[in-house]
Q: 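Dumping the structure here so I can ask a few things about it.
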Amino acid sequence: MPIIAIIGAQWGDEGKGKIVDLLAEKADIVARFGGGSNAGHTVVNPLGTFKLHLIPSGIFNERATCVLGNGLAVDLSVFFEELEMLKKNGVNGGRLYISEKAHVIMPYHYVLDGLEEEAKGPEAIGTTRRGIGPMYVDKAARLGIRVGDLLDKEVLRTRMEPVFQYKNDIITKVYGAEPLSFDEAYNQYCDYGERLAPFVREINTILLEALDRGEMVMLEGAQGSLLDVDHGTYPYVTSSSPMIGGACIGLGLSPTRIDRILGVFKAYTTRVGAGPMPTELLDEMGEKIREEGHEYGTTTGRPRRCGWFDAVISRYSADLNGFNATAITRLDILDKFDSLKICTAYKVGNTTYTRPPSNLKLLEQCEPVYIEMPGWNSDTTGIRKYEDLPAEAKAYVECIEELLGCPINLISVGSARAQTIEVKPIL
Ligand code: IMP
């Protein structure tokens, strides 16, 4: 049985939660590999509507084991809150494990995320303020606190005390803000450690043993490829790698073990936070997409920036990830448009770009080159077979497929599991 990775192909919020929930029915293991509670995965299933930030969306499959890999930024308050919420809704968290190597969000990460953003003023990244960037900074600086450290109170004190002092110096001396109480934080994290102990495992071993047994492993991506710390629109990115490479590192898996890399694309483009977005629509058309799609952040509630499908960033993402399967989500949001546009290239003066320039200033100047296609102006939410889609919708999807150069396997026409069209089998 294969490993299948579900990867966000744009700037996040592509609807990965639904696709994972759908495919997780067949999975034995669902693993998250990066990011943290900056993610917001909405899952609609017979139990209700759930917004998950940390726990894998595969938790609804009673058969599946869900794991959080070493690449995660774990906010323990969110972890326990989500567990509680799931339990109340009759979902058992007994098959949930977390890597001892995963790093933990500390109180100073939250505080510094806010202080750093405010200090940047108009240059702010527009982070989710969940402490993600400051935590990954500490990981790279070898100042991080890992899940395993919480299991031994003495180790935790030895690791935490000097870092805490250093962070309080930054908070007070650089930003002039109030220091945090070490004792309060230490006691809280000792308590977290006790509650977390039953969930802590060597995740890599769990995965390799499952593969040896021939089980199906699904890797659940968070954020999107254009937010990748290396390949995204730096510095307007997150601080980890949401791409397939990040999945390998964030779980300790060799790339040769991964059979399917499924890119999830929204049928149009959205972005939250600052940074270039060449197809952004600042007019009533952008407003219409936002309202039709209820495009407001799952994590922060911020209105998402909306625009036409950008095949330039999408092809770039497909190339970098090597997608050999794709899902197009939210096609139904385009049901009420007379005509639609797809961006096929960018222009700056007389120069045409078919890949996004990595020079941010240049990317900010890029004007989209569009092709225009007729809309279908009819309700697709009840359609379950590809051949039943209106001709204009099929033409739109096929145009995207050709521009991406990889097969479209699934089309989502609503948030419920059933509102899915299988165009080609994925496995
Ligand atoms: P951070 O990950 O909170 O540091 O935020 C960095 C950038 O990534 C900001 O523009 C966020 O809006 C964006 N971002 C982070 N997580 C997500 C996500 O799950 N969906 C969409 N955007 C995200």
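Whatever order the structure lists them in is the order used to number ligands and atoms, beginning at 1.
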Q: About how many Å separate CG of N45 and CD of E25, when rounded to the nearest 0.5 Å?
A: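 CG of N45 is found 9.0 Å from CD of E25.
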
Q: Within a distance under 4.0 Å of any heavy atom of I125, pick out the atoms of ligand 1 and give their elements.
A: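 Numbered from 1, ligand 1 contributes 10 (O).
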
Q: For Q223, state whether at least one heavy atom is located under 4.0 Å from any atom of ligand 1.
A: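 The answer is yes: ligand 1 sits under 4.0 Å from a heavy atom of Q223.
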
Q: When rounded to the nearest 0.5 angstrom, what is the spacing between CZ in R315 and CG in L403?
A: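 It comes to 6.0 Å.
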
Q: With heavy atoms of D13 as the reference, note each atom of ligand 1 found under 4.0 Å away.
A: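 Listed by number with element, the hits are 20 (N), 21 (C).
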
Q: Can you check whether T128 has an N/O within less than 3.5 Å of an N/O in ligand 1?
A: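 Yes: some nitrogen or oxygen of T128 is under 3.5 Å from one in ligand 1.
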
Q: First locate atom CD1 of I7, then atom NZ of K16, and finally report the distance between them rounded to the nearest 0.5 Å.
A: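 Here the rounded value is 9.0 Å.
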
Q: List the atom pairs, donor and acceptor, that lie under 3.5 Å between side-chain atoms in residues 69-77 and the rest of the protein, sequence neighbours left out.
A:
unit_1, atom_1, unit_2, atom_2, d
N70, OD1, L251, N, 3.4
N70, ND2, I249, O, 3.0
D75, OD1, S77, N, 3.1
D75, OD1, S77, OG, 2.8
D75, OD1, V78, N, 3.4
D75, OD2, Y110, OH, 3.0

Q: Within less than 4.0 angstrom of ligand 1, does R302 place any heavy atom?
A: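 Right, R302 reaches ligand 1.
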
Q: Within the distance-only criterion (no hydrogens, no angle test), does the side chain of E117 pair as donor or acceptor with the backbone N or O of I125 below 3.5 angstrom?
A: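 Yes, E117 side chain to I125 backbone: donor-acceptor pair under 3.5 Å.
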
Q: Under a 3.5 Å distance rule, please check whether R330 uses its side chain to pair with a backbone N or O of L334 as donor and acceptor.
A: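 Checking the backbone N and O of L334 against the side chain of R330, no donor-acceptor pair under 3.5 Å is found.
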
Q: Tell me: protein heavy atom nearest atom 7 (C) of ligand 1, and distance?
A: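 Going atom by atom, the protein heavy atom closest to atom 7 (C) of ligand 1 ends up being V237 O, 3.8 Å.
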
Q: So is G126 close enough to ligand 1, meaning a heavy atom under 4.0 angstrom away?
A: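 In this structure, G126 qualifies as a contact of ligand 1 - some heavy atom is under 4.0 Å.
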
Q: State the atoms of ligand 1, each with its element, that fall below the 4.0 Å cut-off from a heavy-atom position in W11.
A: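 Listed by number with element, the hits are 21 (C), 22 (N).
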
Q: Could you check whether any heavy atom of A39 sits closer than 4.0 Å to an atom of ligand 1, since that is the contact criterion I want to use?
A: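 Flag set, A39 near ligand 1.
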
Q: Considering T238, V229, T300, L227, which one's heavy-atom position lies nearest to atom 13 (C) of ligand 1?
A: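 The residue whose heavy atom sits nearest atom 13 (C) of ligand 1 is L227.
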
Q: The test is side-chain contact (heavy atoms from CB on, under 4.5 Å); show your working for R130 and H109 and say whether it passes.
A: CA-CA 8 Å; R130 296 294 188 270; H109 293 140; over 6 Å; no

Q: Is there at least one pair of N or O atoms, one from N38 and one from ligand 1, spaced under 3.5 Å apart?
A: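 The answer is yes, given that N38 and ligand 1 share an N or O pair closer than 3.5 Å.
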
Q: Should T127 be counted as touching ligand 1, given the test is an N or O pair under 3.5 Å?
A: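 No - when backbone and side-chain N and O of T127 are compared with those of ligand 1, no distance drops under 3.5 Å.
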
Q: Considering non-hydrogen atoms of the protein only, which is the closest contact for atom 10 (O) of ligand 1, and what is the distance?
A: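 Looking at atom 10 (O) of ligand 1, the protein heavy atom closest to it is V272 O, 3.1 Å.
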
Q: Considering residues at least two apart in sequence or located in another chain, which fulfil the ring-ring contact (aromatic ring centres under 6.0 Å, His included) criterion with F80?
A: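 Per chain and number, F80 pairs via ring-ring contact (aromatic ring centres under 6.0 Å, His included) with Y192.
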
Q: Salt bridge or not between K336 and E292? Use side-chain N to carboxylate O under 4.0 Å.
A: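 Yes.
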
Q: Between ligand 1 and A274, is the shortest N or O to N or O distance under 3.5 Å?
A: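 Looking only at distances, the answer is no, because the N/O contact criterion of under 3.5 Å is not met.
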
Q: Please confirm whether D113 approaches ligand 1 to less than 4.0 Å, judged on its heavy atoms.
A: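 For ligand 1, residue contact (heavy atoms, under 4.0 Å) with D113 is absent.
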
Q: Tell me whether the guanidinium CZ or amine NZ of K266 lies under 6.0 angstrom from the six-membered ring centre of F309 and within 45° of its axis.
A: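 No - K266 does not lie over the ring of F309 by the 6.0 Å and 45° rule.
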
